[in-house]
2 protein chains.
Amino acid sequence: MALPPRATRIADVAALAGVSTATVSRTLANPEVVSPQMREKVMAAVRQTSYTRNIVAANLRSRQTMLVLVVVPDIANPFFAEVLRGIDKTLSGSGYGIIIGNLANSAAKEAHFVDLVFSGQVDGVLLLCGHVPQGKGRQMDVANVPLVAVCEFIPHVTLPQVGIDNQAAAQRVAQYLVGLGHKRFAYISGPASNILDKQRDAGFGNGLKAAGIRKPHLRFEGDFTFQSGALAATEFLTLKQRPTAIFAANDEMAIGFLKTVQKSGVKVPRDVSVVGFDDIEYSEYCEPTLTTVHQPRSALGAAAARLLLDCMQGHEEIAKPRSQYLEAPMVERLSSAVIG
Amino acid sequence: MALPPRATRIADVAALAGVSTATVSRTLANPEVVSPQMREKVMAAVRQTSYTRNIVAANLRSRQTMLVLVVVPDIANPFFAEVLRGIDKTLSGSGYGIIIGNLANSAAKEAHFVDLVFSGQVDGVLLLCGHVPQGKGRQMDVANVPLVAVCEFIPHVTLPQVGIDNQAAAQRVAQYLVGLGHKRFAYISGPASNILDKQRDAGFGNGLKAAGIRKPHLRFEGDFTFQSGALAATEFLTLKQRPTAIFAANDEMAIGFLKTVQKSGVKVPRDVSVVGFDDIEYSEYCEPTLTTVHQPRSALGAAAARLLLDCMQGHEEIAKPRSQYLEAPMVERLSSAVIG
DNA sequence: TTTACCCATGTAATCGATTTCACAGCTAAA
DNA sequence: TTTAGCTGTGAAATCGATTACATGGGTAAA
């Protein structure tokens with residue numbers, strides 16, 4: 001096969017400057033170890049030939065690619081996009097680049113990402129996908145490359161993880177709603193077996209109990225989609241004694257619920273208070289604006305990236321960076337109020 | 001510096017199978033050129049050692065990285081995220097990976113991306129950023145790597161580009177509004193010197209003229225933000241003879257306008273029709289839902305990626321893939337109606 | 001003055017795969 | 001039977017940088 005044309009090599013620069021390739025390499029990587037006049041001579045030759053180091057060749061020898069794989073379920077999801085921004089800011093600050101691993105429900109792609117890791121194409125991996133990727137009979141975490149999980153917790157695994165304390169946040173929502181004087185509650189759940197949902201569910205239940213609510217709260221089954229929130233609303237509307245406070249496991253469902261009950265003349269927050277989770281952009285714009293738990297998405301990404309940097313630059317002493325939990329404050333907007 | 005530990009090499013596999021490294025390499029890359037029994041022997045050794053090819057080494061020799069750089073102004077922008085999805089689908093189908101080049105207004109990062117290209121780290125580049133990246137005194141397009149521009153047109157440049165025909169789309173909006181019986185129009189512009197704005201502006205003006213509207217339309221200066229749409233609205237409200245049809249250069253501004261006039265009791269579409277551009281997700285959810293021009297974002301990404309693949313796999317005959325324009329239909333929703 | 005060491009530089013091995021070239025064995029045509 | 005051609009395999013060059021090791025000149029300590 002025809003190979004692409006070659007560019008100027010380090011040898012060209014060395015020849016022009018009348019020095020060895022070793023000296024050129026050192027001038028570029030550790031300028032302080034070469035004498036000033038030599039440095040000047042080499043830099044002149046570099047400029048003259050407009051030389052750029054071949055990173056691939058450098059990678060081969062130094063066994064580093066300065067690339068991090070970020071595995072996401074779906075790049076088009078704005079939630080992850082914001083996390084990505086935080087990741088990028090931190091990683092690019094340390095000279096690392098990002099390879100996007102978009103799962104898109106494809107086992108083939110997942111296997112390919114596992115290969116990337118085993119074949120030394122990346123120096124580290126950030127997992128936003130809630131599981132350890134696998135393919136061709138092996139798991140990503142048995143490769144000799146550091147992994148850090150973010151946002152979507154991965155159970156039964158010893159990786160460092162970064163996220164928020166979902167349970168505590170949900171508990172605070174419960175306290176808040178009880179504080180507003182509510183007595184009858186409902187929870188709109190996420191998909192069965194989703195770990196985030198389990199934590200938020202548990203936190204909400206505990207919070208109610210802790211605040212002295214005896215009566216068990218209602219439960220609508222959802223799956224994190226707008227539609228499932230709407231479905232919960234139609235169920236809600238059939239009830240003769242309706243709950244006055246709704247906590248949805250995410251904002252999409254909260255908004256789906258809210259829009260649907262409004263169509264039947266139910267007023268929010270007069271008749272029912274609604275609280276979501278995530279603080280997606282839309283929650284600031286819908287009518288009424290949505291009270292919700294704010295996830296510091298960019299900060300989550302940045303924290304995870306920093307953790308990964310520690311692992312990659314792994315001074316042995318700090319070889320075990322531990323998991324981190326970030327603050328997730330509730331932001332009060334107009335969809336919740338004291339009981340009328 | 002301590003190097004990471006080494007993995008199994010092709011030489012290990014060759015030794016185990018009792019063949020040369022050349023044969024192993026061929027078995028993996030072109031199985032059809034080795035004899036079946038040899039193939040079996042090698043594959044057994046591969047399985048036994050759980051060998052994975054070192055991609056970096058392969059890249060060095062074959063001068064291909066199977067990586068494409070995608071330069072975006074801001075990864076957190078949902079518009080680009082959707083384009084990215086189309087890109088990813090096409091590129092990953094052909095075995096290419098994606099490196100994200102998030103500009104984030106940083107000249108240093110831009111320069112770094114230029115370096116990536118010149119240093120042979122990527123095989124091709126997709127530009128969603130409306131300009132040819134440059135840094136350290138050189139432009140990306142003088143490197144020997146194919147570039148394709150998407151969405152944001154780059155003027156005065158011979159690259160293949162993929163986008164929609166903004167002018168034609170805006171012209172259709174004008175026709176549509178005139179068809180509804182409107183007589184007084186206003187345009188909310190994008191930032192000065194933005195090429196997309198210029199095209200939409202021109203198209204709208206031409207469309208009105210072509211439909212027989214003599215009176216020049218009003219013009220509110222905006223910058224693509226929600227706030228600038230709101231600002232246009234306050235200006236609009238002070239007018240004694242208000243336009244009845246508003247075309248905003250993007251959806252954010254259209255919605256900013258819409259929300260703001262509603263607060264003053266102006267009814268949409270009874271008192272004024274509003275049309276946006278882009279068809280962002282929110283335009284389907286706002287009240288009333290927004291009539292707008294739909295950009296086939298994912299398809300745009302996919303088309304650009306296909307074009308780039310052609311360039312990269314560059315059979316000389318088709319070495320000049322030309323620019324492409326995709327259909328951008330107007331979608332009629334509830335923010336526009338016949339004049340009351 | 002001698003010994004020891006350091007510093008700046010050069011020489012050459014090395015990273016791990018791909019690929020060119022040479023060659024042996026075999027088949028088909030002359 | 002000889003010649004040409006084809007096929008499958010191995011030996012070794014190669015991609016382009018980094019870096020271990022060697023070396024020579026200089027300075028400081030003994």
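Proteins come first, then strands; the chains are lettered A, B, ... in the order of their sequence lines, and each starts at number 1.
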- [ ] Give A:V19 one of three labels, base, sugar-phosphate or nothing, depending on what nucleic acid heavy atoms sit under 4.0 Å from its own.
- [x] sugar-phosphate

Nearest-neighbour nucleotide for the [X] side chain, [options] considered:
X     : options                : value
B:A22 : D:dT18, C:dA17, D:dG10 : D:dG10
A:N54 : C:dA17, D:dG16, D:dT19 : D:dG16
A:S20 : D:dT19, C:dG10, D:dG16 : C:dG10
A:I10 : C:dT19, D:dT19, D:dA17 : D:dA17

Open item on the list: Heavy atoms within less than 4.0 Å of DNA chain C: which residues of residues 25-49 of chain B have one? Give them sorted by number.
Closed with: B:S25, B:R26

[N], OP1 or OP2 - any side-chain N/O from [X] closer than 4.0 Å?
X     : N      : answer
B:T21 : C:dA17 : no
A:Y51 : D:dG16 : no
B:R61 : D:dA13 : no

Open item on the list: By the side-chain hydrogen bond (donor to acceptor under 3.5 Å, both in side chains) test, which pairs, at least two apart or in different chains, include something from residues 117-139 of chain A?
Closed with: A:T65-A:D123, A:E110-A:H131, A:D115-A:K136, A:D115-A:R138, A:R138-B:T52

- [ ] Compute the bend angle of the helix from C:dT1-D:dA30 to C:dA30-D:dT1 from the end axes (five pairs per end), rounded to 10°.
- [x] 40°

Can you sort out the partners of [X] under side chain to side chain donor-acceptor pair (under 3.5 Å), two or more places apart, ordered by chain and number?
X      : result
B:R306 : none
A:T27  : none
A:D88  : B:N102, B:K109
A:Q48  : none

What is the separation between atom [atom1] on [X] and atom [atom2] on [N], rounded to the nearest whole Å?
X      : N      : atom1 : atom2 : answer
A:L60  : D:dT14 : CG    : C1'   : 12 Å
B:R9   : C:dT14 : CZ    : P     : 11 Å
B:N59  : D:dT14 : CG    : C1'   : 15 Å
A:F118 : C:dG16 : CZ    : C1'   : 18 Å
B:R63  : C:dT20 : CZ    : P     : 12 Å

Open item on the list: Among A:L127, A:V117, A:V132, A:V125, which residue satisfies the side chain to side chain contact (heavy atoms under 4.5 Å, CB included) criterion with A:D141?
Closed with: A:V132

- [ ] Quick one: which residue pairs count as a salt bridge (charged side-chain N to carboxylate O under 4.0 Å, His left out) with a foot in residues 72-82 of chain B, not counting sequence neighbours?
- [x] A:R85-B:D74, B:E82-B:R85

Task: Main-chain N/O of A:I154 paired with A:Q161 side-chain donor or acceptor, under 3.5 Å - done: yes

Open item on the list: Between A:T49 and A:V46 (side chain of the first, backbone of the second, donor and acceptor by atom type, cut-off under 3.5 Å), is there such a pair?
Closed with: yes

- [ ] Please list, chain by chain and in numerical order, all residues satisfying side-chain contact (heavy atoms from CB on, under 4.5 Å) with A:L308, sequence neighbours excluded.
- [x] A:V68, A:L126, A:P146, A:V148, A:M312

Task: Any residue meeting side-chain contact (heavy atoms from CB on, under 4.5 Å) with A:N105, in chain and number order, not counting sequence neighbours - done: none

Using atom names, set out every protein N or O paired with an N or O of nucleotides 24-26 of chain D below 3.5 Å, distance rounded to 0.1 Å.
none

Task: Pairwise 5' ranking along DNA chain C for B:A57 and B:T23, keeping only the more 5' one - done: B:A57

Task: Listed partners of B:F153 passing ring-ring contact (aromatic ring centres under 6.0 Å, His included), at least two apart - done: B:Y325

